[in-house]
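Quick note: residue numbers are just sequence positions, from 1. Both counts, for ligands and for their atoms, begin at 1 and track the order of listing.
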Amino acid sequence: MSSNVRPETMERITNKALAEVFIENQVKEIREQVGDKKVLLALSGGVDSSVVAALLIKAIGKQLVCVHVNHGLMRKGESEQVIEVFGKELDANLIYVDATDRFLDLLTDVSEPEKKRKIIGGEFIKVFDEEASKLEGISFLAQGTIYPDILESDGVKAHHNVGGLPEDMQFELVEPVKLLFKDEVRVVGETLGLPHDMVYRQPFPGPGLGVRCLGAITRDRLHALREADAILREEFDKNGLAGKVWQYFVAVPDFKSVGVRDGKRYEGWAAIIRAVNTTDAMTATIEEIPYPLIHHITDRITHEVDGINRVMVDVTPKPVGTIEFE
Ligand code: XMP
(Lines give C-alpha, C1' and ligand atoms only; values in the text may rest on other atoms or scores of the structure.)
Protein backbone atom coordinates (compact mmCIF):
# COMPACT_ATOMS: atom_id res chain seq x y z
CA MET A 1 0.00 0.00 0.00
CA SER A 2 2.39 2.68 -1.15
CA SER A 3 -0.01 5.34 -2.45
CA ASN A 4 -1.00 8.04 0.01
CA VAL A 5 -4.38 8.53 -1.63
CA ARG A 6 -7.38 6.53 -0.57
CA PRO A 7 -9.08 5.17 -3.70
CA GLU A 8 -12.66 6.35 -4.09
CA THR A 9 -13.72 2.73 -4.50
CA MET A 10 -12.26 1.67 -1.14
CA GLU A 11 -15.10 0.41 1.02
CA ARG A 12 -15.39 1.78 4.55
CA ILE A 13 -14.42 -0.93 7.05
CA THR A 14 -17.46 -1.02 9.29
CA ASN A 15 -17.61 -4.64 10.41
CA LYS A 16 -15.51 -7.67 11.23
CA ALA A 17 -16.02 -9.36 7.87
CA LEU A 18 -14.60 -6.33 6.03
CA ALA A 19 -11.82 -6.02 8.61
CA GLU A 20 -10.86 -9.65 8.04
CA VAL A 21 -10.43 -9.02 4.32
CA PHE A 22 -8.31 -5.93 5.06
CA ILE A 23 -6.18 -7.87 7.54
CA GLU A 24 -5.64 -10.74 5.11
CA ASN A 25 -4.54 -8.35 2.36
CA GLN A 26 -2.27 -6.40 4.67
CA VAL A 27 -0.62 -9.52 6.06
CA LYS A 28 0.21 -10.49 2.47
CA GLU A 29 1.49 -7.02 1.57
CA ILE A 30 3.58 -6.71 4.74
CA ARG A 31 5.19 -10.12 4.12
CA GLU A 32 5.97 -9.11 0.55
CA GLN A 33 7.44 -5.76 1.60
CA VAL A 34 9.46 -7.00 4.55
CA GLY A 35 10.59 -10.46 3.48
CA ASP A 36 12.80 -11.89 6.21
CA LYS A 37 14.00 -8.48 7.44
CA LYS A 38 13.33 -6.88 10.83
CA VAL A 39 10.90 -4.04 11.56
CA LEU A 40 11.06 -1.57 14.44
CA LEU A 41 7.99 0.05 16.02
CA ALA A 42 7.58 2.62 18.79
CA LEU A 43 4.64 1.14 20.64
CA SER A 44 2.99 3.73 22.87
CA GLY A 45 -0.07 1.64 23.63
CA GLY A 46 -2.31 4.16 21.86
CA VAL A 47 -4.87 2.92 19.35
CA ASP A 48 -2.85 3.38 16.16
CA SER A 49 0.49 1.95 17.23
CA SER A 50 -1.26 -0.94 19.00
CA VAL A 51 -3.22 -1.91 15.91
CA VAL A 52 -0.11 -1.66 13.73
CA ALA A 53 1.76 -3.85 16.23
CA ALA A 54 -0.99 -6.48 16.22
CA LEU A 55 -1.10 -6.50 12.40
CA LEU A 56 2.66 -6.86 12.11
CA ILE A 57 2.82 -9.57 14.77
CA LYS A 58 0.25 -11.51 12.75
CA ALA A 59 2.22 -10.99 9.55
CA ILE A 60 5.83 -11.40 10.64
CA GLY A 61 5.83 -12.44 14.32
CA LYS A 62 9.21 -11.95 15.97
CA GLN A 63 10.65 -10.06 13.02
CA LEU A 64 8.84 -7.10 14.58
CA VAL A 65 10.69 -5.40 17.42
CA CYS A 66 8.42 -3.20 19.55
CA VAL A 67 9.92 -0.58 21.82
CA HIS A 68 7.69 0.78 24.55
CA VAL A 69 9.14 3.86 26.23
CA ASN A 70 7.52 4.60 29.58
CA HIS A 71 8.16 8.31 30.04
CA GLY A 72 6.66 8.24 33.51
CA LEU A 73 3.71 10.32 32.29
CA MET A 74 1.43 7.45 31.30
CA ARG A 75 -1.96 6.93 32.91
CA LYS A 76 -2.33 4.33 35.62
CA GLY A 77 -1.99 0.81 34.24
CA GLU A 78 -1.10 1.78 30.66
CA SER A 79 2.46 0.49 30.44
CA GLU A 80 1.42 -2.61 32.37
CA GLN A 81 -1.29 -3.25 29.76
CA VAL A 82 1.23 -2.94 26.92
CA ILE A 83 3.45 -5.52 28.62
CA GLU A 84 0.51 -7.82 29.35
CA VAL A 85 -1.09 -7.67 25.90
CA PHE A 86 1.94 -7.51 23.64
CA GLY A 87 4.69 -9.06 25.77
CA LYS A 88 2.66 -11.88 27.25
CA GLU A 89 -0.56 -12.57 25.32
CA LEU A 90 0.76 -11.90 21.82
CA ASP A 91 4.28 -13.04 22.71
CA ALA A 92 5.79 -10.09 20.82
CA ASN A 93 9.42 -9.15 20.67
CA LEU A 94 8.94 -6.26 23.12
CA ILE A 95 11.58 -4.02 24.61
CA TYR A 96 10.27 -2.14 27.63
CA VAL A 97 12.21 0.93 28.67
CA ASP A 98 11.35 2.57 31.96
CA ALA A 99 12.76 6.04 31.39
CA THR A 100 10.67 7.70 34.13
CA ASP A 101 13.66 9.11 36.03
CA ARG A 102 15.26 10.55 32.90
CA PHE A 103 12.09 12.43 31.96
CA LEU A 104 11.15 13.60 35.44
CA ASP A 105 14.70 14.73 36.23
CA LEU A 106 14.78 16.82 33.05
CA LEU A 107 11.38 18.30 33.84
CA THR A 108 12.30 19.41 37.34
CA ASP A 109 11.40 23.08 37.86
CA VAL A 110 10.20 23.47 34.26
CA SER A 111 6.81 25.17 34.30
CA GLU A 112 6.38 26.59 30.80
CA PRO A 113 4.03 24.25 28.88
CA GLU A 114 5.73 24.41 25.48
CA LYS A 115 9.11 23.87 27.12
CA LYS A 116 7.69 20.82 28.91
CA ARG A 117 6.39 19.50 25.58
CA LYS A 118 9.76 20.08 23.91
CA ILE A 119 11.65 18.28 26.64
CA ILE A 120 9.27 15.31 26.60
CA GLY A 121 9.27 15.06 22.79
CA GLY A 122 13.05 15.51 22.52
CA GLU A 123 13.84 13.00 25.24
CA PHE A 124 11.46 10.47 23.72
CA ILE A 125 13.37 10.60 20.45
CA LYS A 126 16.66 10.27 22.30
CA VAL A 127 15.57 7.22 24.28
CA PHE A 128 14.06 5.57 21.22
CA ASP A 129 17.17 6.33 19.18
CA GLU A 130 19.39 4.81 21.85
CA GLU A 131 17.33 1.63 21.90
CA ALA A 132 17.27 1.45 18.10
CA SER A 133 21.04 1.80 17.89
CA LYS A 134 21.49 -1.21 20.19
CA LEU A 135 19.60 -3.38 17.72
CA GLU A 136 21.11 -5.01 14.70
CA GLY A 137 19.68 -5.74 11.30
CA ILE A 138 16.67 -3.43 11.40
CA SER A 139 15.57 -2.47 7.88
CA PHE A 140 12.10 -1.04 8.38
CA LEU A 141 10.33 1.37 10.67
CA ALA A 142 6.60 0.79 11.24
CA GLN A 143 4.36 3.73 12.02
CA GLY A 144 0.75 4.15 13.05
CA THR A 145 0.08 6.86 10.47
CA ILE A 146 -3.66 7.04 9.73
CA TYR A 147 -5.48 8.80 6.88
CA PRO A 148 -6.29 12.02 8.80
CA ASP A 149 -2.53 12.39 9.47
CA ILE A 150 -1.94 12.33 5.71
CA LEU A 151 -4.82 14.71 5.01
CA GLU A 152 -3.96 17.15 7.79
CA SER A 153 -0.22 17.20 8.03
CA ASP A 154 1.37 15.94 4.85
CA GLY A 155 1.75 12.44 6.15
CA VAL A 156 3.64 13.37 9.28
CA LYS A 157 2.21 11.43 12.18
CA ALA A 158 0.36 13.79 14.55
CA HIS A 159 2.81 16.65 14.36
CA HIS A 160 2.75 17.45 18.04
CA ASN A 161 2.64 13.89 19.22
CA VAL A 162 5.43 12.46 21.30
CA GLY A 163 5.23 9.49 18.96
CA GLY A 164 7.20 11.58 16.45
CA LEU A 165 10.41 9.82 15.52
CA PRO A 166 13.91 10.88 14.56
CA GLU A 167 13.88 12.37 11.12
CA ASP A 168 17.33 11.07 10.33
CA MET A 169 16.42 7.44 10.83
CA GLN A 170 17.22 5.79 7.54
CA PHE A 171 14.58 3.11 7.46
CA GLU A 172 11.97 2.25 4.89
CA LEU A 173 8.50 2.84 6.32
CA VAL A 174 5.79 0.26 6.92
CA GLU A 175 2.46 2.02 7.40
CA PRO A 176 -0.30 -0.56 7.08
CA VAL A 177 -3.19 1.60 8.33
CA LYS A 178 -2.28 4.83 6.57
CA LEU A 179 -5.40 4.82 4.39
CA LEU A 180 -7.80 4.13 7.26
CA PHE A 181 -9.89 6.47 9.35
CA LYS A 182 -9.87 6.10 13.13
CA ASP A 183 -13.15 4.19 13.33
CA GLU A 184 -11.81 1.68 10.80
CA VAL A 185 -8.55 1.28 12.71
CA ARG A 186 -10.65 0.43 15.76
CA VAL A 187 -12.68 -2.24 13.94
CA VAL A 188 -9.45 -3.76 12.60
CA GLY A 189 -7.93 -3.72 16.12
CA GLU A 190 -10.91 -5.42 17.66
CA THR A 191 -10.97 -8.01 14.88
CA LEU A 192 -7.31 -8.70 15.61
CA GLY A 193 -8.31 -9.50 19.18
CA LEU A 194 -6.97 -6.42 20.99
CA PRO A 195 -8.82 -5.51 24.22
CA HIS A 196 -11.87 -3.28 23.72
CA ASP A 197 -10.61 -0.64 26.16
CA MET A 198 -7.31 -0.39 24.28
CA VAL A 199 -8.95 -0.01 20.88
CA TYR A 200 -11.73 2.36 21.96
CA ARG A 201 -9.72 4.48 24.33
CA GLN A 202 -10.17 8.24 24.43
CA PRO A 203 -7.53 10.48 22.86
CA PHE A 204 -4.49 11.01 25.07
CA PRO A 205 -1.88 13.67 24.35
CA GLY A 206 1.66 12.52 23.53
CA PRO A 207 3.15 14.42 26.51
CA GLY A 208 0.67 12.50 28.63
CA LEU A 209 0.01 13.51 32.21
CA GLY A 210 2.89 15.96 31.81
CA VAL A 211 0.48 18.63 30.53
CA ARG A 212 -2.12 17.81 33.19
CA CYS A 213 0.25 18.05 36.15
CA LEU A 214 0.13 21.82 35.72
CA GLY A 215 3.21 23.97 36.08
CA ALA A 216 6.44 22.36 37.27
CA ILE A 217 5.88 18.62 37.68
CA THR A 218 6.64 17.04 41.03
CA ARG A 219 6.58 13.29 41.63
CA ASP A 220 4.11 13.45 44.51
CA ARG A 221 1.63 15.62 42.62
CA LEU A 222 2.02 13.50 39.48
CA HIS A 223 1.23 10.42 41.57
CA ALA A 224 -1.88 12.10 43.03
CA LEU A 225 -2.99 13.11 39.52
CA ARG A 226 -2.54 9.56 38.19
CA GLU A 227 -4.58 8.07 41.04
CA ALA A 228 -7.36 10.67 40.76
CA ASP A 229 -7.52 10.22 36.99
CA ALA A 230 -7.79 6.45 37.43
CA ILE A 231 -10.77 6.93 39.76
CA LEU A 232 -12.47 9.23 37.25
CA ARG A 233 -11.92 6.72 34.46
CA GLU A 234 -13.15 3.84 36.58
CA GLU A 235 -16.33 5.71 37.52
CA PHE A 236 -16.99 6.83 33.93
CA ASP A 237 -16.57 3.23 32.86
CA LYS A 238 -18.93 1.88 35.53
CA ASN A 239 -21.55 4.51 34.78
CA GLY A 240 -21.68 4.10 31.01
CA LEU A 241 -19.92 7.36 30.19
CA ALA A 242 -16.61 5.92 29.04
CA GLY A 243 -17.78 5.01 25.54
CA LYS A 244 -19.95 8.10 25.22
CA VAL A 245 -17.80 11.07 26.27
CA TRP A 246 -15.06 12.08 23.85
CA GLN A 247 -12.37 13.04 26.35
CA TYR A 248 -12.36 13.15 30.15
CA PHE A 249 -9.53 13.56 32.57
CA VAL A 250 -8.22 15.12 35.74
CA ALA A 251 -5.75 18.00 35.93
CA VAL A 252 -3.98 19.02 39.13
CA PRO A 253 -2.75 22.63 39.47
CA ASP A 254 0.41 23.49 41.36
CA PHE A 255 -1.06 25.23 44.37
CA LYS A 256 -2.51 24.03 47.61
CA SER A 257 -5.58 25.14 49.51
CA VAL A 258 -6.57 24.64 53.10
CA GLY A 259 -8.95 21.90 54.11
CA VAL A 260 -9.79 19.77 57.14
CA ARG A 261 -9.28 16.09 57.60
CA ASP A 262 -9.89 14.17 60.82
CA GLY A 263 -10.52 17.47 62.59
CA LYS A 264 -7.15 18.86 61.55
CA ARG A 265 -6.06 21.52 59.09
CA TYR A 266 -4.95 19.79 55.94
CA GLU A 267 -3.36 21.47 52.94
CA GLY A 268 -3.85 19.75 49.64
CA TRP A 269 -4.11 20.13 45.88
CA ALA A 270 -7.31 20.37 43.88
CA ALA A 271 -8.32 17.76 41.32
CA ILE A 272 -10.06 19.40 38.39
CA ILE A 273 -12.39 17.20 36.37
CA ARG A 274 -12.86 17.98 32.68
CA ALA A 275 -15.18 16.04 30.36
CA VAL A 276 -15.78 17.28 26.82
CA ASN A 277 -17.44 16.26 23.59
CA THR A 278 -16.27 17.20 20.13
CA THR A 279 -15.90 15.77 16.66
CA ASP A 280 -12.64 17.35 15.58
CA ALA A 281 -11.12 18.80 18.79
CA MET A 282 -11.30 22.31 17.25
CA THR A 283 -14.36 23.18 19.33
CA ALA A 284 -15.76 21.26 22.28
CA THR A 285 -18.83 21.26 24.49
CA ILE A 286 -19.14 20.17 28.10
CA GLU A 287 -20.51 16.80 29.13
CA GLU A 288 -23.09 17.37 31.87
CA ILE A 289 -21.94 14.83 34.42
CA PRO A 290 -24.86 13.95 36.74
CA TYR A 291 -24.38 15.60 40.16
CA PRO A 292 -24.76 12.38 42.17
CA LEU A 293 -21.84 10.95 40.19
CA ILE A 294 -19.78 14.10 40.79
CA HIS A 295 -20.45 13.71 44.53
CA HIS A 296 -19.39 10.08 44.42
CA ILE A 297 -16.20 10.81 42.47
CA THR A 298 -15.38 13.69 44.84
CA ASP A 299 -15.86 11.43 47.81
CA ARG A 300 -13.59 8.77 46.36
CA ILE A 301 -10.83 11.13 45.21
CA THR A 302 -10.68 13.08 48.46
CA HIS A 303 -10.65 9.91 50.57
CA GLU A 304 -8.50 7.66 48.42
CA VAL A 305 -5.89 10.01 46.99
CA ASP A 306 -3.17 11.32 49.24
CA GLY A 307 -2.61 15.03 48.85
CA ILE A 308 -5.95 15.99 47.28
CA ASN A 309 -8.43 17.85 49.45
CA ARG A 310 -10.73 19.45 46.88
CA VAL A 311 -12.46 18.50 43.63
CA MET A 312 -13.58 21.00 41.01
CA VAL A 313 -15.42 20.59 37.72
CA ASP A 314 -14.37 22.64 34.72
CA VAL A 315 -17.42 23.67 32.69
CA THR A 316 -15.66 25.85 30.12
CA PRO A 317 -16.31 25.00 26.46
CA LYS A 318 -13.71 25.37 23.69
CA PRO A 319 -13.53 28.18 22.81
CA VAL A 320 -12.96 29.95 25.15
CA GLY A 321 -10.98 27.26 26.94
CA THR A 322 -8.85 24.67 25.20
CA ILE A 323 -9.41 20.99 25.92
CA GLU A 324 -6.17 20.63 27.85
CA PHE A 325 -5.10 23.21 30.42
CA GLU A 326 -1.61 23.71 29.09
P1 XMP B 1 -6.46 21.50 22.94
O2 XMP B 1 -5.98 21.56 24.37
O3 XMP B 1 -5.51 22.16 21.98
O4 XMP B 1 -6.48 19.96 22.56
O5 XMP B 1 -7.87 22.00 22.79
C6 XMP B 1 -7.03 19.43 21.37
C7 XMP B 1 -6.71 17.93 21.33
O8 XMP B 1 -5.31 17.74 21.16
C9 XMP B 1 -4.78 17.02 22.25
N10 XMP B 1 -3.48 17.59 22.57
C11 XMP B 1 -2.31 17.01 22.27
N12 XMP B 1 -2.05 15.85 21.66
N13 XMP B 1 0.26 16.27 21.92
C14 XMP B 1 -0.75 15.47 21.51
O15 XMP B 1 -0.47 14.40 20.98
C16 XMP B 1 0.08 17.46 22.54
O17 XMP B 1 1.02 18.15 22.91
C18 XMP B 1 -1.28 17.85 22.71
N19 XMP B 1 -1.87 18.94 23.26
C20 XMP B 1 -3.21 18.76 23.16
C21 XMP B 1 -5.78 17.16 23.38
O22 XMP B 1 -5.70 16.10 24.32
C23 XMP B 1 -7.09 17.21 22.62
O24 XMP B 1 -7.52 15.90 22.30
Side-chain angles (χ1 to χ4, degrees), residues 42-52 68-75 78-79 82 103 106-107 110-125 127-128 143-165 181-183 185-186 198 200-217 222 225-226 228-229 232-233 236 241-253 272-287 314-326:
L43 175 59
S44 67
V47 180
D48 307 332
S49 68
S50 296
V51 173
V52 165
H68 176 69
V69 177
N70 179 357
H71 51 26
L73 303 164
M74 310 288 284
R75 285 170 294 193
E78 276 185 321
S79 284
V82 169
F103 282 83
L106 279 175
L107 288 163
V110 181
S111 56
E112 211 272 302
E114 289 316 308
K115 205 161 166 202
K116 285 163 73 173
R117 278 191 171 80
K118 249 202 185 119
I119 289 174
I120 298 166
E123 193 61 10
F124 179 89
I125 289 174
V127 174
F128 186 76
Q143 281 196 314
T145 312
I146 66 172
Y147 205 45
D149 298 326
I150 289 175
L151 296 178
E152 289 159 23
S153 49
D154 293 331
V156 180
K157 173 76 187 165
H159 55 288
H160 59 184
N161 207 326
V162 166
L165 292 171
F181 290 99
K182 196 79 171 192
D183 55 309
V185 176
R186 293 194 156 115
M198 183 175 247
Y200 282 88
R201 69 174 36 166
Q202 54 167 322
F204 186 57
L209 298 182
V211 289
R212 296 179 181 168
C213 190
L214 309 183
I217 299 167
L222 178 63
L225 161 63
R226 182 175 286 121
D229 184 71
L232 178 76
R233 288 193 290 138
F236 265 44
L241 291 172
K244 175 178 167 265
V245 181
W246 199 79
Q247 201 168 3
Y248 48 96
F249 57 87
V250 167
V252 176
I272 305 176
I273 295 173
R274 184 148 175 79
V276 299
N277 290 306
T278 175
T279 46
D280 57 7
M282 300 302 284
T283 61
T285 56
I286 295 303
E287 172 71 19
D314 180 1
V315 292
T316 320
K318 175 179 179 177
V320 74
T322 47
I323 293 177
E324 303 290 344
F325 284 68
E326 292 195 327

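Contact atoms of ligand 1 toward Trp246: 24 (O) (distance under 4.0 Å to a heavy atom of the residue). Within the listing of ligand 1, atoms 13 (N), 16 (C), 17 (O) sit less than 4.0 angstrom from a heavy atom of Pro207.
Counting heavy atoms under 4.0 Å from ligand 1, residue Phe249 does not touch it at all.
With sequence neighbours excluded, the residues satisfying side chain to side chain contact (heavy atoms under 4.5 Å, CB included) with Val245 are Phe236, Leu241, Tyr248, Ala275, Asn277, Glu287. Applying the side chain to side chain contact (heavy atoms under 4.5 Å, CB included) test to Arg274 and every residue at least two apart in sequence or in another chain returns Phe249, Val276, Ile286, Asp314, Thr316, Phe325.
Taken to the nearest 0.5 Å, the CZ atom of Arg212 stands 11.0 Å off from the CG atom of Leu73. Atom CD1 of residue Ile146 and atom CD of residue Glu152 lie 8.5 Å apart, to the nearest 0.5 angstrom.
Side-chain contact between Ile217 and Lys116 is present, with at least one heavy-atom pair separated by less than 4.5 Å.
Between Arg212 and ligand 1, not a single N/O pair is under 3.5 Å apart. Checked against a 3.5 angstrom limit, the closest N/O atoms of Gly206 and ligand 1 fall inside it.
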